[in-house]
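Note: hydrogens, waters and symmetry copies are ignored here, and every other heavy atom, side chains too, is used. Just so it is clear: chains get the letters A, B, ... in the order the sequence lines come, proteins before strands, and each one is counted from 1.
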Protein chains: 2
Amino acid sequence: MVVIDNGESVARVDPITTMRNYMAQHGMKNSRQRETIAEVFFEAARHMSVDDILEAARQVDSRVSQATVYRTMKLLTECGLAEARHFNDGQALYEVGDILGHHHDHLICIDCGKIVEFVDERIEELQTEIATKYGFELTQHRMELYGRCGDPQCRERGN
Amino acid sequence: MVVIDNGESVARVDPITTMRNYMAQHGMKNSRQRETIAEVFFEAARHMSVDDILEAARQVDSRVSQATVYRTMKLLTECGLAEARHFNDGQALYEVGDILGHHHDHLICIDCGKIVEFVDERIEELQTEIATKYGFELTQHRMELYGRCGDPQCRERGN
DNA sequence: GTCAGTGCAAAGGTTTTGCAATTTA
DNA sequence: TAAATTGCAAAACCTTTGCACTGAC
């Protein structure tokens with residue numbers, strides 16, 4: 001169960017229920033694999049690649065294939081329950097969607113790969129202002145800051 | 001010839017000269033293909049995929065291969081003369097680097113694919129502030145706003 | 001003449017897809 | 001039982017790379 005507190009009201013969204021509703025509304029059938037994949041993904045609640053998810057799902061049920069993970073994550077993305085990120089132009093990383101957690105942006109260490117999530121309301125407001133200025137109706141945005149984290153334990157790439 | 005006006009001083013950077021200097025400093029040889037590719041890329045000065053660049057280069061010199069375009073764009077990226085963008089997780093789009101044009105962010109129409117470039121100093125400042133707050137030394141950032149452009153001529157995707 | 005650059009095609013990595021078999025409702 | 005889902009492997013897609021040949025210095 002995830003709680004969203006947007007400062008005005010509190011909504012409770014259960015991702016598994018949301019997924020089931022979405023499937024029902026779209027003439028889709030549920031399956032053992034989809035439930036397993038969704039469970040491990042929402043339980044971990046962190047940035048996971050398809051292979052991470054596959055590995056975790058197989059610990060619960062060894063009969064899950066990579067293709068099904070790809071298909072299920074696409075489904076969850078369509079629901080708005082998951083979002084794909086491409087920080088490094090390699091494998092996509094999935095994280096829980098805005099409707100479950102708070103929207104946030106990312107700060108990524110170019111040496112150790114550490115990812116910090118943050119929100120800054122001033123930036124959110126400026127983004128809307130800029131979109132409006134150019135006649136756009138904003139639907140989504142992506143902001144990623146890259147730098148060196150300065151952590152003493154930071155291991156440079158290649159170590 | 002590209003002019004950079006950063007508000008304090010004005011520098012003139014010729015990309016072809018910069019590329020030649022870079023190659024000389026790195027024990028590389030120039031070639032007919034590299035000059036052709038660089039010429040068409042800097043002349044167009046817009047977002048171009050590798051295939052766009054290949055097509056344009058072949059109109060000048062039919063003996064240019066895709067592999068050489070990839071290799072040359074990588075070289076130009078290392079020089080800072082070009083930057084790769086991945087707006088849609090498909091083919092990369094290249095644009096001229098910050099040292100040639102002003103740094104800018106992007107507003108992308110999700111219906112017609114139109115790309116608007118913009119700069120907002122307030123956002124630039126906030127980004128640095130946020131990175132500092134989390135102990136990061138900012139090296140680079142990426143901000144993309146997605147929405148509907150509201151243009152009457154906007155053709156929805158798939159048309 | 002030497003060594004870097006090229007073109008080609010093959011290989012690489014990630015994601016999608018066709019299809020027969022299976023599972024769900 | 002009909003229709004959607006699965007697993008497998010092949011294909012698709014973008015990009016990189018090995019190698020013999022070409023071309024720049």
Side-chain angles (χ1 to χ4, degrees), chain A residues 16-17 19-41 47-55 57-58 60-79 82-94 113, chain B residues 16-17 19-41 47-55 57-58 60-79 82-95:
Chain A
I16 305 292
T17 303
M19 180 178 79
R20 286 181 185 149
N21 291 344
Y22 181 90
M23 290 191 293
Q25 287 162 15
H26 289 75
M28 304 169 88
K29 293 175 178 171
N30 199 352
S31 77
R32 177 174 45 79
Q33 288 91 331
R34 279 182 184 161
E35 295 255 338
T36 302
I37 291 164
E39 270 167 29
V40 303
F41 173 64
H47 300 88
M48 295 178 94
S49 68
V50 162
D51 288 335
D52 292 337
I53 298 168
L54 178 62
E55 189 185 357
R58 280 189 166 160
V60 176
D61 179 347
S62 63
R63 295 163 300 171
V64 172
S65 72
Q66 196 194 44
T68 298
V69 176
Y70 272 108
R71 285 188 273 232
T72 302
M73 294 316 295
K74 188 171 212 171
L75 165 64
L76 293 177
T77 301
E78 288 164 10
C79 298
E83 281 176 35
R85 303 274 177 180
H86 294 83
F87 293 129
N88 43 20
D89 303 330
Q91 266 193 120
L93 291 183
Y94 286 90
Chain B
I16 304 292
T17 303
M19 179 178 78
R20 286 180 184 150
N21 291 344
Y22 182 89
M23 291 190 294
Q25 287 162 14
H26 289 77
M28 304 169 89
K29 293 174 179 172
N30 200 352
S31 77
R32 177 174 45 79
Q33 288 91 330
R34 281 182 184 162
E35 295 255 337
T36 301
I37 291 164
E39 271 167 28
V40 302
F41 173 65
H47 300 88
M48 296 178 93
S49 68
V50 163
D51 288 335
D52 292 336
I53 298 167
L54 178 62
E55 191 184 358
R58 280 189 167 160
V60 176
D61 178 346
S62 62
R63 297 163 300 171
V64 172
S65 72
Q66 197 195 43
T68 298
V69 176
Y70 272 108
R71 286 189 272 233
T72 302
M73 295 316 295
K74 188 171 211 172
L75 166 64
L76 292 178
T77 300
E78 287 163 11
C79 298
E83 280 175 37
R85 302 274 178 182
H86 294 84
F87 293 129
N88 42 22
D89 305 330
Q91 265 193 121
L93 291 183
Y94 286 90
E95 62 179 3

Any side-chain N or O of [X] under 4.0 Å from OP1/OP2 of [N]?
X     : N      : value
B:Q33 : C:dG7  : yes
B:Y70 : D:dT16 : no
B:R32 : D:dG23 : no
B:S31 : C:dG5  : no

So, B:Q33 versus B:D61: side-chain donor-acceptor pair below 3.5 Å or not?
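There is no such pair between these side chains.
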For B:G27 and for B:T68, find the nucleotide of DNA chain C with the closest heavy atom, then tell me which residue's nucleotide is more 5'.
B:G27
Just so I know, are the side chains of A:M23 and A:R34 near enough to count as touching, which here means a heavy-atom distance under 4.5 Å?
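Result yes, sub-4.5 Å side-chain heavy-atom pair found.
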Are A:Y22 and A:H26 side-chain neighbours, meaning at least one heavy-atom pair lies under 4.5 Å?
yes
What does A:V50 touch in the nucleic acid at a heavy-atom separation under 4.0 angstrom: a base, only the sugar-phosphate, or nothing?
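Here A:V50 touches no strand at all.
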Side chain of B:R63, base of D:dG23: donor and acceptor closer than 3.5 Å?
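In this structure, the two groups form no donor-acceptor pair.
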Do A:R71 and D:dG7 share a donor-acceptor pair, side chain to base, under 3.5 Å?
yes
Proximal nucleotide (of C:dT15, D:dC8, C:dC3) relative to the B:K29 side chain
C:dC3
